[in-house]
Novice: 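Dropping the structure in here first, questions after.
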Amino acid sequence: MRVVAVSNDPVRLSFLTALLADAGIPATLLDTHTSIAEGSIGAIQRRLAVAHEHESRARRVLAEAGEI
């Protein structure tokens with residue numbers, strides 16, 4: 001897995017996940033439970049990751065959308 005985005009904003013992460021899904025790229029959101037458990041004070045950011053073989057295409061999709 002390769003991390004393609006890091007954020008504390010659940011709406012942005014949902015949008016990025018939808019962008020990748022529309023491009024046929026499965027994504028996994030990491031650290032969600034840990035972020036919630038610490039009270040969502042922003043100390044632990046959530047990571048959006050894709051499989052290694054999808055990394056370059058995922059970065060291209062996110063860059064074209066102006067998100068990275």
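Quick note: numbers below take in every heavy atom, side chains included, and nothing from hydrogens, waters or symmetry partners.
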Novice: Could you list the donor-acceptor pairs under 3.5 angstrom formed between side-chain atoms of residues 60-68 and any protein atom two or more places apart in sequence or on another chain?
Specialist:
from  : atom 1 : to    : atom 2 : distance (Å)
Glu67 : OE1    : Arg12 : NE     : 3.2

Novice: First locate atom CG of Leu48, then atom CG of Leu20, and finally report the distance between them rounded to the nearest 0.5 Å.
Specialist: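 Rounded to the nearest 0.5 Å, the CG-CG separation comes out at 6.0 Å.
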Novice: Between OG of Ser7 and CG of Leu16, what distance do you get to the nearest 0.5 Å?
Specialist: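 Atom-to-atom, Ser7:OG and Leu16:CG are 7.5 Å apart.
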Novice: With Val50, which of Thr28, Val3, Val4 fulfils side-chain contact (heavy atoms from CB on, under 4.5 Å)?
Specialist: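 That would be Val4; it is the only one of Thr28, Val3, Val4 passing the side-chain contact (heavy atoms from CB on, under 4.5 Å) with Val50.
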Novice: With the side chain counted from C-beta on, respond yes when Arg57 and Ile25 share a heavy-atom pair under 4.5 Å apart, and no when they do not.
Specialist: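 Yes, side chains in contact.
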Novice: How close do Val11 and Asp9 get, heavy atom to heavy atom, and via which atoms?
Specialist: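 Minimum heavy-atom separation between Val11 and Asp9: N-OD1, 3.0 Å.
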Novice: How many angstroms lie between CZ in Arg59 and NE2 in His54, if you round to the nearest 0.5 Å?
Specialist: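 Reported to 0.5 Å precision, the distance equals 14.5 Å.
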Novice: Short question: side chain of Ser14, backbone of Pro10 - any donor-acceptor pair under 3.5 Å?
Specialist: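 No, because the side chain of Ser14 does not come within donor-acceptor range (under 3.5 Å) of the backbone of Pro10.
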Novice: So if you build clusters from Ile, Leu, Val, Met, Phe, Trp, Tyr with side-chain heavy-atom gaps below 4.5 Å, do Phe15 and Leu29 land together?
Specialist: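 Yes: a chain of side-chain contacts under 4.5 Å links Phe15 to Leu29.
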Novice: Taking Arg47 first and then Asp31, would you say they form a salt bridge - that is, a charged N and a carboxylate O separated by under 4.0 Å?
Specialist: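 Yes.
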Novice: Rounded to the nearest 0.5 Å, how far apart are CG of Leu30 and CD of Gln45?
Specialist: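 These two atoms lie 13.0 Å from each other.
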